[in-house]
Amino acid sequence: MEGKEYVVGLTPEEIERMEGFEYTADERRELELSYDRTLTTTEVKVGSIVPGTILQKVGNEVIVDIGYKSEGVIPLAEFREDEEIIPGTQVDVFIESLEDPDGRVAVSKEKAHFHKVWADIKAAYDNGTILKGTVIKRIKGGLVVRIMGVDAFLPGSQVALRQVPNLEKFISQKLEFRVIKLNKRRRNIVVSRRQVLEEARSEQKEKLIRELEENQVRTGVVKNITDFGAFVDIGGIDGLLHITDM
């Protein structure tokens, strides 16, 4: 192919259609081999996860090279606000479509990560393992929590032992959660902080019962006042302080 040039990224058929490019059978075979060597050895198909290299950011999209005849396009919204988008950075992507309306490959960074950590989240659900996560925002019905890099839903009823009127105060807090519901197809993860707190309170209560003795002096917090006295929390157990002893 001495003396001839070709454009990287075009198929042999596309090159032949360009004016002035005429190849012999041997030259065309060599061109096809050269083109094939530019493609990834990973099978690119819908539903697969392949490695990619960030090329550039264009508007609300990030273009990635996935070693395919067309480049991949990731929505910019899938990158965190504080995440730098640097050309040459390696990123795994999930293939959503091999051809979008503009003839490009639609890929997802978020879905690739979700599928990679799913096994660990499923194991935590099966074993009842407590996971740490960060509350990132308030939504209708509860909060969104980021666990292992993926978003999970924390219902308002599962935030604390009692109903919390101001859920916004938990935003940015790092807390412990237990996974209570999973749906991989819908990418739905539901977690509970209340279960973690209830378990801790139960353990504390059992420990306190073993320590309590008659005539002990303990510090408590008044939880409720009634006509006949007050209920005082003495560290996990409510005790009645009768009105005659006040």
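Judged as a salt bridge (charged side-chain N to carboxylate O under 4.0 Å, His left out), the pairs with a partner in residues 52-61 (not counting sequence neighbours) are, in order, Glu61-Arg104. Sorted by first and then second residue, the pairs that involve residues 126-141 and meet side chain to side chain donor-acceptor pair (under 3.5 Å), not counting sequence neighbours, are Lys122-Asp126. Judged as a side chain to side chain donor-acceptor pair (under 3.5 Å), the pairs with a partner in residues 86-99 (not counting sequence neighbours) are, in order, Thr53-Gln90, Asp92-Lys116, Glu96-Lys111. Screening residues 145-201 for ring pair (Phe, Tyr, Trp, His ring centres under 6.0 Å), with sequence neighbours left out, gives no hits. Among residues at least two apart or in separate chains, side chain to side chain donor-acceptor pair (under 3.5 Å) pairs with a member in residues 157-171 are Gln158-Ser192. For residues 127-148, there are no ring pair (Phe, Tyr, Trp, His ring centres under 6.0 Å) pairs, not counting sequence neighbours. Each side chain to side chain donor-acceptor pair (under 3.5 Å) pair with one or both residues in residues 174-190, not counting sequence neighbours, appears once here: Arg178-Glu199. Listed by first and then second residue, the ring pair (Phe, Tyr, Trp, His ring centres under 6.0 Å) pairs involving residues 109-135 are Phe94-His115, Phe114-Trp118 (not counting sequence neighbours).
Note that the CG atom of Leu154 and the CD1 atom of Ile180 stand 8.5 Å from one another [nearest 0.5 Å]. From Leu197, atom CG reaches atom OG of Ser202 across 12.5 Å, with rounding to the nearest 0.5 Å. Here Ile121 contributes atom CD1 and Leu182 contributes atom CG; the two are 7.5 Å apart, rounded to the nearest 0.5 Å.
Taken together through direct or relayed side-chain contacts under 4.5 Å among Ile, Leu, Val, Met, Phe, Trp and Tyr, Phe79 and Val117 form parts of separate hydrophobic clusters. Clustering ILVMFWY residues whenever any of their side-chain heavy atoms sit less than 4.5 angstrom apart, transitively, puts Val73 in a cluster other than the one holding Val93. Note on Val159 and Ile136: separate hydrophobic clusters, where clusters join Ile, Leu, Val, Met, Phe, Trp and Tyr whose side-chain heavy atoms are under 4.5 Å apart, directly or indirectly. Note on Leu161: it does not cluster hydrophobically with Ile130, by side-chain heavy-atom contacts below 4.5 Å among ILVMFWY residues. Under a hydrophobic-cluster definition in which Ile, Leu, Val, Met, Phe, Trp and Tyr are linked whenever side-chain heavy atoms come within less than 4.5 Å, directly or via other members, Leu167 and Val191 are assigned to the same cluster.
By the neighbour-count criterion of 12 heavy atoms within 6.0 Å, atom CG of Asp82 is densely surrounded, having more than that number from other residues, nucleotides or ligands.
Remark: Glu84 engages Ile86 in a side-chain contact (heavy atoms from CB on, under 4.5 Å) (not counting sequence neighbours). Residues passing the side chain to side chain donor-acceptor pair (under 3.5 Å) test with Glu203: none are found, sequence neighbours excluded. For Val222, the side-chain contact (heavy atoms from CB on, under 4.5 Å) partners two or more places apart in sequence, or in a different chain, are Ile225, Ala230, Val232.
You'll find the side chain of Ile54 stays beyond 4.5 Å of the side chain of Ile74, heavy atoms only. Val196 places none of its side-chain heavy atoms less than 4.5 Å from the side chain of Leu175.
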Identify all side-chain donor-acceptor contacts of residues 142-149 below 3.5 Å with residues at least two apart in sequence or on another chain.
{"residue": "Arg146", "atom": "NE", "partner": "Asp151", "partner atom": "OD1", "Å": "3.0"}
{"residue": "Arg146", "atom": "NH2", "partner": "Asp151", "partner atom": "OD1", "Å": "3.1"}

Q: Might you work through the side chain to side chain contact (heavy atoms under 4.5 Å, CB included) test for Leu76 and Ile85, ending with a clear yes or no?
A: CA-CA 9 Å; Leu76 181 61; Ile85 301 173; 3.3 Å; yes
CA sep, side-chain torsions, deciding dist, call: Leu55, Val64, side chain to side chain contact (heavy atoms under 4.5 Å, CB included): CA-CA 5 Å; Leu55 298 178; Val64 293; 5.7 Å; no
